[in-house]
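Fair warning: this is a prediction, and the values are worked out from it, not measured in the lab. Computed over heavy atoms, backbone and side chain alike; hydrogens, waters and symmetry mates excluded. In what follows, residues are counted from 1 in the order of the sequence shown.
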Amino acid sequence: MFTSDRKEADQDLESYSPLCRSHGGAEVLALLPDPMTARLCLDLAEDAAHAIHGCMAAAHIGSEPMTLVFSAEEIDLIQLRDHAEGSSRQRFEQVNQAFVTWRRRDPQRRTVFLDDCRGDVARCVATECVASELVVTSSHGNADAQDAFRSVVFSQHKLVLMPPTRDYYQGNLFGHVVIGWRQHGHAEDTLVAARRWLSAAARITVLCVDDTDGKAKVSAEALLARLALKGQVVAIASGGGSIGKAIVDFARTEKATCLLIGAFRHGYVLELLFGRITRYVLSHATMPVMMKH
């Protein structure tokens, strides 16, 4: 049980709903595989929902070895993981406790409930994310978090909002959105998917890196006009350095409150070998990152 008081314990049990119940109608879903990032993801999801005058939902995702078939070697790895991270039940209890604490801090949060889906992570992600336009989850953390992130990005192709790996979220999510612009389909798809949230931004800056012929700047201005978004388009040179570093450094210098990029040009396997820009942004950005594959 999560509290020593029986009455409070009963209230805690009411904070989550039955296994695998999808969140119909919630535009924003906080996906919570890792207790360490649960509160931060909940804060981000709440601000993202408020920005579009929508609603949010929350769901715990966790692998459940007892429901799956594994080889002897995989069972050994699972036992090692349980020793390091705790059992599936223990991980859920930690996420639920973080959710209950967050929920109690504001009376308006009493309408938000926590789903618990354990089993095959990819199946749980598909079940929980099906109705949401934006999924808020972490790209780092325990094994469940990493598996859920890959599933959301590469299988469900959802618009994803992630907390930074360093520095705590300070609020004002859409105060200044910096967009890393490249002329390929994922960047345009990301802007189109994020249009409702970009419309709520106080300031938008579109960044073109190493745009030697000016075509990226022209295409960015055209897309902003097509989406009826007001923003400034800026071109900079990487100076021979990493494009990912140029994007992150610019966003930090310009005090961006959110960084938007079109993620991963290739599939998951090729990105492990060749993908550099997105991985650099995810590991070095000091502000929330929104992206879509």
Side-chain angles (χ1 to χ4, degrees), residues 22-23 26-34 36-38 40-49 51-52 54 56-61 115 117 121-122 124-142 144-165 169 173-174 177-182 184-198 200-201 244 247-248 251 256-268 271 275 277-293:
S22 62
H23 300 288
E27 293 95 337
V28 181
L29 173 68
L31 199 61
L32 312 175
D34 189 345
M36 296 301 293
T37 58
L40 187 50
C41 288
L42 287 164
D43 286 341
L44 285 171
E46 183 177 46
D47 285 354
I52 62 170
M56 67 169 285
H60 165 260
I61 294 287
D115 243 9
C117 188
V121 170
C124 288
V125 167
T127 300
E128 296 294 342
C129 294
V130 63
S132 300
E133 297 179 45
L134 173 65
V135 177
V136 182
T137 195
S138 177
S139 61
H140 59 280
N142 62 20
D144 284 344
Q146 296 174 50
D147 289 344
F149 172 75
R150 287 195 293 268
S151 183
V152 171
V153 173
F154 291 105
S155 297
Q156 302 305 312
H157 302 283
K158 290 286 186 177
L159 182 65
V160 187
L161 177 63
M162 295 144 293
T165 56
Y169 172 58
L173 180 58
F174 298 107
V177 180
V178 168
I179 301 171
W181 177 253
R182 301 185 73 194
H184 63 76
H186 293 319
E188 181 173 344
D189 290 346
T190 304
L191 262 71
V192 172
R195 182 180 180 277
R196 294 180 68 187
W197 286 274
L198 292 173
I247 293 172
V248 171
T257 56
C258 183
L259 177 58
L260 185 148
I261 59 173
F264 300 116
R265 295 187 65 178
H266 309 287
Y268 173 60
E271 283 300 332
I277 296 175
T278 306
R279 289 210 307 268
Y280 185 95
V281 170
L282 292 180
S283 60
H284 290 82
T286 56
M287 69 289 297
V289 176
M290 183 180 286
M291 68 182 197
K292 182 179 183 296
H293 174 64

Trainee: Kindly give the heavy-atom pair with the smallest separation between Thr137 and Pro33, and that separation in Å.
Mentor: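 Shortest heavy-atom contact: OG1-CD, 3.8 Å.
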
Trainee: Does the side chain of Val281 come within less than 4.5 Å of Val248's, by heavy atoms?
Mentor: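 Touching, per the 4.5 Å side-chain cut-off.
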
Trainee: Can you see which heavy atom on Ser132 is nearest to which on Val28, and at what distance?
Mentor: OG-C, 4.3 Å

Trainee: So how far is it from Ser139 OG to Arg150 CZ, rounded to the nearest 0.5 Å?
Mentor: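 Interatomic distance, Ser139 OG to Arg150 CZ, rounded to 0.5 Å: 11.5 Å.
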
Trainee: Do Cys129 and Val152 come within less than 4.5 Å of each other through their side chains, counting heavy atoms only?
Mentor: yes

Trainee: What's the shortest heavy-atom distance between His140 and Pro164, and which atoms?
Mentor: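 Of all heavy-atom pairs spanning His140 and Pro164, the closest is CE1-O, 3.9 Å.
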
Trainee: CG of Leu198 to CD1 of Ile179: how many Å apart, nearest 0.5 Å?
Mentor: 5.0 Å

Trainee: Taking atom CZ of Phe174 and atom CG of Asp47, what is their separation to the nearest 0.5 Å?
Mentor: 8.5 Å

Trainee: Write down the atom of Arg196, the atom of Glu133, and the distance for their closest heavy-atom approach.
Mentor: NH1-OE2, 2.7 Å

Trainee: Is there a side-chain contact between Tyr280 and Ile247, using heavy atoms and a 4.5 Å cut-off?
Mentor: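 They are not in contact (no side-chain heavy atoms under 4.5 Å apart), so the answer is no.
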
Trainee: Looking at Ala59 and Glu128, what are the two nearest heavy atoms and their distance?
Mentor: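 Of all heavy-atom pairs spanning Ala59 and Glu128, the closest is CB-OE1, 3.5 Å.
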
Trainee: Given the rule in the side chain to side chain contact (heavy atoms under 4.5 Å, CB included) test, do Lys158 and Val125 qualify, once you have shown the distances and angles that lead to the verdict?
Mentor: CA-CA 11 Å; Lys158 290 286 186 177; Val125 167; over 6 Å; no

Trainee: State the CG-CE distance between Leu161 and Met290, to the nearest 0.5 angstrom.
Mentor: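 The distance works out to 4.5 Å.
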
Trainee: Does any N or O in the side chain of His293 come within less than 3.5 Å of the main-chain N or O of His157, such that one atom is a donor and the other an acceptor?
Mentor: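 No: the side chain of His293 does not pair with the backbone of His157.
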
Trainee: Starting at OG1 of Thr190, measure out to CG of Leu159 and round the result to the nearest 0.5 Å.
Mentor: 7.0 Å

Trainee: Closer than 3.5 angstrom, by distance alone: can the side chain of Trp197 be matched with the main-chain N or O of Ala48 as a donor-acceptor pair?
Mentor: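 Such a contact is found between Trp197 side chain and Ala48 backbone.
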
Trainee: Between Val177 and Ala201, which heavy-atom pair has the shortest distance, and what is it?
Mentor: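 Heavy atoms of Val177 and Ala201 come nearest at CG2-CB, 3.9 Å.
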
Trainee: Is any side-chain heavy atom of Leu42 closer than 4.5 Å to a side-chain heavy atom of Met56?
Mentor: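 Side chain of Leu42 against side chain of Met56, heavy atoms only: contact under 4.5 Å found.
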
Trainee: What is the distance from atom CD1 of Ile61 to atom CG of Asp34, rounded to the nearest 0.5 Å?
Mentor: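 Separation between the atoms: 13.0 Å.
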
Trainee: Taking the side chain as every heavy atom from C-beta outward, state whether Met291 and Val153 have any pair of such atoms under 4.5 Å apart.
Mentor: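 The answer is yes; the side chains approach within 4.5 Å.
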
